[in-house]
Amino acid sequence: MIDFEFPDEPQKKPTPPDRPESLEPEPSRVDSGTHTDLGSGVVDPRLPYTGHLESDAPTAGSAAQHDLKRTRVDAFGRETLGTTLPMTTEQQAQGRSILRGVALMLTLGLAALAGRLYQLQLHQHSQFAVRASSNFQRDDVITAVRGEIRTRDGVLLASSRSVTDLVYLGRRNPADPAQAIADWDKIRFLAGVPQSVLVNGQPREPDRRSETSVVLARNVPQERLAALAEYLVTVPSLELRQRNERVYPQGRMAAHLIGYVQEASDRQVKEEGFTLGDLVGRSGLEYSLQPHLAGKNGLLRREVSASGKPLTEQVIDPGLKGQNVTLTIDSRLQRAAEDALQSGLADVNEGRRHYGKPRETLVRGAIIALDPRTGEVLAMASSPAYDPNWFAQVPSPNPGMRNWAVDPNRQNAALDAVTANRTLQAYNPGSVFKPASGLAYVEKWGNFSTSCVPSYVYQGMRFRNWARYSLGWVDARKAIAFSCNPWYYTSAVRASPGAYSRQLKERGTELGYRRPTGIELVGEKVGSIPSIDDYTSPKAPWYPGSGLNMSIGQGDVLVTPAQVARVLSTVINEGRQRPLTVVRAYNGQVQPLRPTTSVVKNGNLSGFRLIKEGLTWTTLIPTGTARHELAPWLFPVRTGGKTGTAENGLSRRNGYAYTHAWYTGYGPLSNPNFLVVTFFQNGGEGSGPALKAAKRMFAARWCVDLSRPAKDQNPCTGELSDMHKRMDR
């Protein structure tokens, strides 16, 4: 709308141009073009707007101020007048200030808008690019390849392989016929999909709160993959997905030492930081060396279709393979140990027959062999044995045996303890404890001689010897060679049973009992050697006879086969002690031997040498408990050792045929490089199954043919390389 202002005087009507008598000049005409004010201030665009500006000369009295008149034309062509006052200087300044403020606000708003645009387009470009990409990208974990485990001579004990699973990703609407899985029956047959993952014959839909897919079939046979892949080309909800699976090529060999793996459980994923599909050690070295073997997972980014079907893929992070582990175990000695255990079943049953007891169907026992110079374990076997593949592979190659091994409700399940490594479990040691108890006494109270009578009476209690006849006068050396119980009973009484128990506990701990051996296996038991001070409960009081029982490794004394081996190694090394180890190298880098420590008291080696002499007499002098198998004319390598026959709960109920059978021995005497401990749980006498098993181990180590006379033998008593050269001929 356009306003015209006139001087404040009566309005005159315009004179038409065809009236010449009009003496007034024609007023200036301002044409607005097409806009006409409609009375109420609305402009009618249909009508032309015509206004007149008229003015008279100002009078003297009105020079300072005058009124202005505004003429408007309404919709009917009528003119109206409005009157306004002129703006003062202050008002004009205020208006200009408001205009500047509005301009400033508009400028600031535009600047903020430009800044935000700059931030979104440049600084946050990658963030929004990722959000956009997530609409068609999927990140998958590349499971790290687990490290291999090999023997020191290169035999592969544990490895990994790639297997293929059939995976269901889900459908938006499974009930929609358009989304039906084509050739589903053929796919199900080829993959071997079990009924357990189906609902009404169709794949179970993933629970999006906890899973992104459902595994329909594990370990699809290799020969069916090609045919199966053809059917899946047009099925976006199904895919073949590879994963790593642990495999144990040697089956049961060293199973208790190696252990086995399984996929991470839901609890481990939530609480321990594992990823679904990670292989986690459950027992043995697979568990103990998890940080070394596991490696580091990688990241694979896939471009997928709207339905989730992979199109392209890119490795973002390849991950890191686990470390390969080389063991100190020698494969031939390991096999010899496992064979010696199984061969011992006939010896155990011979004892059962002798005592009129039923035959056993399986062996329960353990063998550990080591190099006493280094503490390196050369063989570790436990029976009953199992195959780690039963537990690690899905589906299990032998589910029946797997269930048998862990079924807690089957007969003798607790006694068999199939998955327990018996070299690390604690048992009553019997007479294999005597080298430690004899050393503990002679170091503090000295050697003495006494008559080795059939029975010993103390405070009205009768303690028997194994021999029903007198073995004559014996000192600490013959007490070991003859396994003379009365000498040990007498030593406890001479020192007083309470003081003797304290000395035995202290010195036994220093020698290696009641503490870990250093072996790299979690779950090792430490056993028990209680003293009089530990019997504080009225339900299990201390008796004077307790000290006598402890002297021969009975009562509450508990040790592991691994501890027996370490203690014997400490004795024959005259107080120099080294931790046991089963790990030789990581990724080919040989680990340095752990340092030795000394357990010698006041520099006195005479006690160790006395005990060693008794150990050598065991295989040499008449009535030596191992002479009938390892005498020099029966076995071509000179050895020393100690037999053990230990009473236990089962033998007290069922008789002597159920005692624990032990043997611990070493050789050659000139330069000991091999030490073995054999143990048969409830196997009978130590001079039977255990001694014979040790002899078989000695024969394997030193290339002895037990079917030939000892005098015709040429043993390989050097290093392990000599043994392998001889066997490889």
Legend entry - Parallel, tilted or perpendicular, as decided by the 30° and 60° cut-offs, for the rings of Tyr427 and His660: perpendicular
Inset, instruction - Specify the closest pair of heavy atoms between Pro497 and Tyr458, including all atoms of both residues, with the distance to one decimal. - result: CG-OH, 3.7 Å
Inset, instruction - Could you please spell out the steps behind the side-chain contact (heavy atoms from CB on, under 4.5 Å) verdict for Gln250 and Val155? - result: CA-CA 9 Å; Gln250 308 304 320; Val155 174; 3.7 Å; yes
Legend entry - For the student: nearest non-hydrogen atoms of Leu580 and Arg594, plus distance: O-NH2, 2.8 Å
Inset, instruction - Under the side-chain contact (heavy atoms from CB on, under 4.5 Å) rule, what do Met380 and Leu327 come out as? Steps first, then yes or no, please. - result: CA-CA 11 Å; Met380 178 183 286; Leu327 304 182; over 6 Å; no
Inset, instruction - Flag the pair Ile621 / Arg627 as yes when at least one side-chain heavy-atom distance between them is below 4.5 Å, and no otherwise. - result: no
Inset, instruction - Determine the interplanar angle of the Phe463 and Tyr489 rings, folded into 0 to 90°, and report it as parallel if under 30°, tilted if 30 to 60°, perpendicular if over 60°. - result: tilted
Inset, instruction - Can you label the angle between the Tyr500 ring and the Tyr441 ring as parallel, tilted or perpendicular, going by 30° and 60°? - result: tilted
Legend entry - Side-chain heavy-atom pair Ser598, Gln577 within 4.5 angstrom cut-off: no
Legend entry - Beyond-backbone contact of Ser383 with Leu362, side-chain heavy atoms, under 4.5 angstrom: no
Legend entry - Electrostatic pair Asp728:Arg332 at N-O distance under 4.0 angstrom: yes
Inset, instruction - Taking only Lys NZ, Arg NE, NH1 and NH2, and the carboxylate oxygens of Asp or Glu, determine whether Glu719 and Arg152 approach each other closer than 4.0 Å. - result: no
Inset, instruction - Sort and list the pairs that fulfil salt bridge (charged side-chain N to carboxylate O under 4.0 Å, His left out) and have at least one residue in residues 450-477, not counting sequence neighbours. - result: Asp475-Arg477, Arg477-Glu613
Legend entry - Asn428 and Glu647, any side-chain heavy atoms less than 4.5 Å apart: no
Legend entry - salt bridge (Lys or Arg N to Asp or Glu O under 4.0 Å) partner of Lys601, chosen from Glu574, Glu443, Glu510: Glu510
Legend entry - NZ/NE/NH1/NH2 to OD/OE distance under 4.0 Å, Lys505 and Asp534: yes
Inset, instruction - Step by step, work out the ring pair (Phe, Tyr, Trp, His ring centres under 6.0 Å) result for Phe482 and Trp617. - result: CA-CA 9 Å; Phe482 297 167; Trp617 288 3; 8.3 Å; no
Legend entry - Residue pair Val493 / Tyr456, side-chain heavy-atom distance below 4.5 Å: yes
Inset, instruction - From the options Thr423, Leu341, Leu333, select the one residue that forms a side chain to side chain contact (heavy atoms under 4.5 Å, CB included) with Ile367. - result: Leu341
Legend entry - Distance, nearest 0.5 Å, that separates OG1 of Thr596 from CZ of Arg373: 14.5 Å
Inset, instruction - Check the pair Leu568, Val677 against side-chain contact (heavy atoms from CB on, under 4.5 Å), reporting the backbone distance first and the verdict last. - result: CA-CA 9 Å; Leu568 181 62; Val677 174; 5.6 Å; no
Inset, instruction - Not counting sequence neighbours, which residues clear salt bridge (Lys or Arg N to Asp or Glu O under 4.0 Å) with Asp339? List them please. - result: none
Inset, instruction - Could you grab the distance from atom OG1 of Thr625 to atom CG of Leu691, nearest 0.5 Å is fine? - result: 7.5 Å
Inset, instruction - Quick one: sort the Phe674 and Trp702 rings into parallel, tilted or perpendicular, breaks at 30° and 60°. - result: perpendicular
Inset, instruction - Please confirm whether Arg494 makes a cation-pi placement over Phe448, using NZ or CZ under 6.0 Å from the six-membered ring centre and within 45° of the ring normal. - result: yes
